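All remarks here apply to the structure that follows.
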Amino acid sequence: MKENTFEKLKEIQQNEFIKTAIDYVGAGVVISDPEQEDNPIIYINKGFEDLTGYHSDEVVGKNCRFLQGEGTDPNALMKIRDGLKNYEEVQVELKNYQKNGRMFWNELQIFPVYIKQMNQTFFVGVQKDITVRKEAEELASHYSSEVKRLSTPIVPVEDHISVLPFVGTIDEERLQQMLDNVSHHVKESKDDYLILDLSAVHSYNQAIHMGIYQLNQLLDLMGTTLIITGIKPEFAIQSVPYADFSELSLKSYATVKQALHAIR
Ligand SMILES: Cc1cc2nc3c(=O)[nH]c(=O)nc-3n(C[C@H](O)[C@H](O)[C@H](O)COP(=O)(O)O)c2cc1C
């Protein structure tokens, strides 16, 4: 550390009032000196010690990257490097590791601070532990994809015949999920027939018409015949502007039972 920087910082740190106030901030606070080789830490608060498990003596003089590990996203680091290079504020969420090896999600904010008294710019970093929020988000996203997956169940009813009942409202996202599920299922099962049952669909929209069109194309490529059951008259009328199903020569029956009977 440059002698004169050291002296001036000592002066600042000796200001008990400010030091105590920063220690009470419910987050980690780090100050680094970009004028020194590898931008080392020159100050940490108590919040940083509590969050990371490292004591001030162990980290002052080091670059903050010692908190990183296997799971740290290289894109977040690139964003930090870019920000520091241009002396701009950056905010990232990244995986860091405590002294005992435990991973935590760090909401890190770094900003340049010009100290007039010292005629120098320093970087101040603020670390917030957002592990609980991140884990809740990951869980919610897992459940959301589970719900979507379960909302388009494909039921094998006989050898090489499966039924896909459409229930409720179909939007773009559900449609994509359905197409993914079907292509995965048909690849594994090598079904000859897939019966798409629309008897539980209450409102028809453009997505459902396009869905049938795309599903038919997909199954055609995979050598599986699409059969539609449970079409209500209003669906047939509404489908005209979106897709010409007569062109697709789709087979359609009133019920799944009738379709199965006809296949046999
Ligand atoms: C003030 C300050 C605080 C920082 N705090 C953290 C931190 O808490 N966690 C972390 O992973 N990186 C932190 N960094 C980023 C690293 O020190 C380093 O800039 C980053 O790893 C990108 O540079 P590199 O590719 O040379 O490692 C901080 C940087 C500065 C300037």
Side-chain angles (χ1 to χ4, degrees), residues 1-139 141:
M1 193 181 296
K2 279 190 303 187
E3 196 58 30
N4 112 49
T5 311
F6 181 77
E7 284 308 319
K8 284 178 183 169
L9 265 155
K10 231 169 127 191
E11 209 176 283
I12 289 176
Q13 286 181 29
Q14 273 166 3
N15 184 331
E16 269 311 306
F17 173 73
I18 297 205
K19 197 174 164 306
T20 310
I22 296 176
D23 274 345
Y24 273 90
V25 173
V29 177
V30 171
I31 304 175
S32 78
D33 182 356
E35 287 199 0
Q36 292 188 56
E37 173 76 24
D38 205 25
N39 196 1
I41 295 173
I42 54 174
Y43 171 80
I44 62 166
N45 75 337
K46 189 173 173 304
F48 186 92
E49 291 182 333
D50 294 344
L51 174 64
T52 66
Y54 289 100
H55 188 265
S56 171
D57 299 343
E58 298 173 273
V59 301
V60 168
K62 285 187 186 163
N63 183 290
C64 236
R65 72 174 74 82
F66 65 85
L67 291 172
Q68 297 157 15
E70 239 184 40
T72 309
D73 179 4
N75 292 321
L77 299 181
M78 205 149 64
K79 205 173 157 192
I80 297 177
R81 274 194 294 274
D82 281 352
L84 296 184
K85 195 172 69 193
N86 301 317
Y87 279 73
E88 280 167 5
E89 184 176 333
V90 250
Q91 185 166 334
V92 288
E93 292 178 358
L94 79 176
K95 282 183 180 172
N96 272 176
Y97 298 84
Q98 294 175 330
K99 189 176 176 182
N100 63 12
R102 191 195 137 242
M103 188 281 289
F104 67 98
W105 273 100
N106 183 355
E107 183 188 86
L108 171 65
Q109 196 184 1
I110 305 172
F111 42 90
V113 176
Y114 177 71
I115 307 288
K116 202 173 163 201
Q117 188 192 358
M118 296 156 87
N119 186 29
Q120 198 200 313
T121 300
F122 294 87
F123 282 111
V124 176
V126 178
Q127 288 90 2
K128 240 191 275 169
D129 185 349
I130 52 160
T131 312
V132 172
R133 193 194 89 204
K134 283 300 245 190
E135 285 179 352
E137 279 172 11
E138 276 165 13
L139 202 64
S141 142

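Counting starts at 1 for both ligands and their atoms, in listed order. Residue indices begin at 1 and follow the sequence shown. From a predicted model like this one, the values you see are computed outputs, not experimental measurements.
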For ligand 1, is any non-hydrogen atom under 4.0 Å from Asn106's backbone (N, CA, C, O), its side chain (CB onward), both, or neither? side chain
Given that the side chain starts at C-beta and the backbone is N, CA, C, O, which of these parts of Ile31 lies under 4.0 Å from ligand 1, counting heavy atoms, or is it both or neither? neither
Is it the case that the side chain of [X] and the backbone of [Y] share a donor-acceptor pair, with hydrogens and angles ignored and the cut-off at 3.5 Å?
{"X": "Glu49", "Y": "Ser56", "answer": "yes"}
{"X": "Tyr97", "Y": "Gly71", "answer": "yes"}
{"X": "Asp33", "Y": "Glu35", "answer": "yes"}
{"X": "Thr72", "Y": "Lys95", "answer": "yes"}
{"X": "Gln98", "Y": "Leu51", "answer": "yes"}

Just jot down the ligand 1 atoms closer than 4.0 angstrom to any heavy atom of [X], in number order.
{"X": "Leu94", "value": "11 (O)"}
{"X": "Asn96", "value": "7 (C), 8 (O), 9 (N), 10 (C), 11 (O)"}
{"X": "Asn39", "value": "31 (C)"}
{"X": "Leu67", "value": "7 (C), 8 (O), 9 (N)"}
{"X": "Phe123", "value": "1 (C), 31 (C)"}

Would you call Lys79-Asp73 a salt bridge at under 4.0 Å N-O? no
Using a strict threshold of under 4.0 Å (side-chain N to carboxylate O), is an ion pair present between Glu137 and Arg133? yes
Candidates Ser32, Gly125, Cys64; heavy atom nearest atom 4 (C) of ligand 1 found on Cys64
Of the protein's non-hydrogen atoms, which lies at the shortest distance from [atom], and what is that distance?
{"atom": "atom 8 (O) of ligand 1", "result": "Gln127 NE2, 2.8 Å"}
{"atom": "atom 12 (N) of ligand 1", "result": "Gln68 NE2, 3.3 Å"}
{"atom": "atom 25 (O) of ligand 1", "result": "Arg81 NH1, 2.4 Å"}
{"atom": "atom 30 (C) of ligand 1", "result": "Ile110 CD1, 3.8 Å"}
{"atom": "atom 15 (C) of ligand 1", "result": "Ile80 CG2, 3.9 Å"}
{"atom": "atom 6 (C) of ligand 1", "result": "Leu108 CD2, 3.4 Å"}
{"atom": "atom 19 (O) of ligand 1", "result": "Leu84 CD1, 3.3 Å"}
{"atom": "atom 17 (O) of ligand 1", "result": "Asn63 OD1, 2.7 Å"}

Tell me which one of Thr131, Asn106, Asp129 satisfies side-chain hydrogen bond (donor to acceptor under 3.5 Å, both in side chains) with Asn96. Asn106
Within 6.0 Å of NZ in Lys128, more than 12 heavy atoms from elsewhere: no
Centre-to-centre under 6.0 Å for Phe66 and Tyr54, is that the case here? yes
